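Notes to accompany the following structure.
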Amino acid sequence: MGDFDLSVIWNNLPFLWQGLQLSLWLTLLAVIGGIILGTGLALMRLSGIMPLALAAAGYVNLIRSVPLILVIFWFYFLVPLALGRPIGGFYSALIAFVMFEAAYYSEIIRAGIQSVRKGQVHAGQATGLSYWQIQRYVVLPQAFRNMIPILVTQGIILFQDTSLVFVVSLRDFMTASSIVARTEGRLAEMYIFAALVYFTICFAGSLFVRRLQKAKTA
Amino acid sequence: MNYNWNWGVLFEGEYLGWLISGVGWTFAVALAAWVLALAVGVLVGVGRTLPSKPVATLCTAYVELFRNVPLLVQLFLWYFVMPEIVPDDLGRWMKRDMPNPEYVTAVIGLGLYTASRVAEQVRAGINAVGPGLTSAAYANGFSTAQTYRYVLLPISFRLIVPPMTSEFLTIFKNSSLALTIGLLELTAQSQQIAEYTFQGFEAFTAATVIYVVIALGATVIAQTLEKYTRIPGYVGKD
Amino acid sequence: MISIENISKWYGDFQVLTDCTTHVGKGEVVVVCGPSGSGKSTLIKCVNGLEPVQQGRILVEDADVTAKGTNLTRLRSRIGMVFQHFELYPHMSVRENLCLGQQKVLVRSRDEANAKAEALISRVGLLPHIEKFPGQLSGGQQQRVAISRALAMDPIAMLFDEPTSALDPEMINEVLDVMVELAQDGMTMMVVTHEMGFARKVADRVVFMDAGRVVEDRATEEFFGNPESERAQDFLSKILNH
Ligand SMILES: Nc1ncnc2c1ncn2[C@@H]1O[C@H](COP(=O)(O)OP(=O)(O)OP(=O)(O)O)[C@@H](O)[C@H]1O
Ligand SMILES: [Mg+2]
């Protein structure tokens, strides 16, 4: 226990920082893509148009039954095959995360939409607003306001999930830490350091969520 | 798209055997980890709601710690780091003589991680019962233990059946992370078949179908459970 | 102007409305009352098609609300509606609440919509509050805003569903005063309310409902003078002796 060598972290800081940047970018882009696609799926499910609702429900339930790692494997296999050429690990991973997280976001957003009182929809209808106008101006703004804390929480989970690109050796923070750990033979230092970094970011995020929730109820 | 379909590959003795063994390991990890997660999770969840400040703080710390570090990192800590930082003899035993180290590590890592999520559900369930009933129980002359035993726990356990179902499913999905420490569970086996045969489509489809069947099965069980445990006319606070 | 002809409506197996018939002429004020659960809200929501009916017909001017091809959105934009719980958009200021429909449905310019909003809001005495959000106003103020929001669409008729029953007693009158003024200006109104003072003062007719049926549909003085049905007598004696 006495021979903890912290210099290994210091010496590899630029490499680790690059990995962390990749993790953060992947998180940010996947959150944006996931929310957009998830909103679409939620609106499809609530549209009352049977084929649309069924297709969206089927997709969401399918994705929610399988592990993220399997989804990553799927898209690493499918994306190059469908495009006829490799497009690089980052984009395959990004597509996998967007497709995967959209299923989870759509459930959050659907609950958010349903939490808007029915009277609000009636009020919009009574003014003669169309279905899409009511969603756009009345329901979604209120739903998103209510959902911000949960959306951020899901973003934190997504950030943790990005560590799974380890299984396809994409150089995120986790993979970078593990490369350093192996090449320098310093497993204990590197994995504890990785845990600390993830913990700090996620814990700060969850404190932020708590602030948001307090601000909302106040 | 250039692709040679060959669904037959899934039924060739060797690969079929891989799949079956994968399913076996997935169940073995998920179920054992679930038992651990329930035991620890209920204790920690109840602990967070207790009037005793130190206990509540300790339990909160547990949840925050396990929830804010990715499961993958936790598995690596258990697998690679734990043997290094425990006393030498124990470390040597863990590295050399512990039977089935990947499996044991996966169960402990996944179980303790899921416990933090279970704890949150248990706490939410207890809080949902509300202060009114708690006061009523205390007013009846119940002790804290009796209040939990006869009022809070029976009600909250029924309230949390639906979210716990979803946790149960999550543990099956998360058991796939065991492949990162070399346990050949279902996802790993399908990936291996894909690599050996170049029939990725068939291999991943097989794994997907099996996961969907597991999810459907769990949902059916949960709905039955929910029906039998439902309290007539009570849906919780609000 | 509004004519409801033999409508029936079910929620699954449960029949909420049974063969209801009534009408509201141009410039008329009709008050609908009756015990809780008798179907008043349901009836009034059928008028602008917020709730579909399974049998019968509703005509507004010459448009058939219940017919398949009717452009409901367009029809709704011409009928104002005021709800029990106000239903102001909480994420928009008073001004934005009044402008949304004008701009998105009637496609008025921003200036035009604003001018209209300010004029209406000053009529109900709330101009100083026009930039506030609904959550910053009292219930009575919110309901006056909701009435103005409906009027901003230049409706040909107004529907009210218990506009004062979510209000504290001291705020009821500020809302009723606005409604009385509106009635005296000749607005066509259908009002679900238990405020019998209001009914006496401005209603031309009173419709009394019970268990999903129109039990009485009479001129106001007749209704208060000698209600025919026992149920209506019962109901009146209960709420008048309060
Ligand atoms: N969406 C619905 N599904 C099933 N039943 C409903 C629904 N909405 C209303 N009802 C039932 O229809 C009946 C009439 O409801 P409605 O709201 O029209 O009554 P009301 O006369 O307005 O009563 P109140 O004075 O309480 O507002 C009630 O028995 C109610 O329970
Ligand atoms: Mg009503």
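The sequence lines fix the lettering, A, B, ..., with proteins before strands; numbering per chain opens at 1. As the structure is a prediction and not an experimental result, all values here were calculated from the model.
- Contacts between E51(C) and chain A at a heavy-atom distance below 4.5 Å involve the side chain alone, from C-beta outward.
- In this structure, R95(C) places its CZ atom where more than 12 heavy-atom neighbours from other residues, nucleotides or ligands lie under 6.0 Å away.
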Side chain to side chain contact (heavy atoms under 4.5 Å, CB included) for L50(C) and V121(A)? Distances and angles first, verdict last. CA-CA 10 Å; L50(C) 289 183; V121(A) 177; over 6 Å; no
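- Shown here is W25(A), whose CH2 atom has no more than 12 heavy atoms of other residues, nucleotides or ligands within 6.0 Å.
- Within a 6.0 Å sphere centred on CZ of R171(A), heavy atoms belonging to other residues, nucleotides or ligands number 12 at most.
- Rounded to the nearest 0.5 angstrom, T127(A) OG1 and Q102(C) CD are separated by 11.0 Å.
- The shortest non-hydrogen separation linking Y137(A) to M92(C) is O-CE, 3.2 Å.
- Residue contact with chain A, scored on non-hydrogen atoms closer than 4.5 Å, involves the backbone and the side chain of Y89(C) alike.
- Residue Y91(A) places its OH atom among 12 or fewer non-hydrogen atoms of other residues, nucleotides or ligands, all under 6.0 Å distant.
- For CZ of F208(A), the number of neighbouring non-hydrogen atoms (other residues, nucleotides, ligands) closer than 6.0 Å is 12 at most.
- No donor-acceptor distance shorter than 3.5 angstrom exists from the side chain of Q125(A) to the backbone of R76(C), with no hydrogens or angles considered.
- To the nearest 0.5 Å, atom NE2 of residue H91(C) and atom CG of residue L140(A) are 9.5 Å apart.
- Under a 3.5 Å cut-off, the side chain of H122(A) and the backbone N or O of M81(C) do not form any donor-acceptor pair.
- Per-residue heavy-atom pair counts under 4.5 Å with chain A were compared for Q84(C), R78(C), K45(C), and the maximum is reached by K45(C).
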Working for side chain to side chain contact (heavy atoms under 4.5 Å, CB included), residues V105(C) and Q133(A): CA-CA 9 Å; V105(C) 178; Q133(A) 284 175 325; 4.3 Å; yes
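- Judged purely by atom type and a 3.5 angstrom limit, Q120(A) uses its side chain to pair as donor or acceptor with the backbone of L88(C).
- Considering CG of L72(C) and OG of S130(A), their distance stands at 13.0 Å, rounded to 0.5 Å.
- Heavy-atom neighbours of R211(A) CZ from other residues, nucleotides or ligands within 6.0 Å: at or below the threshold of 12.
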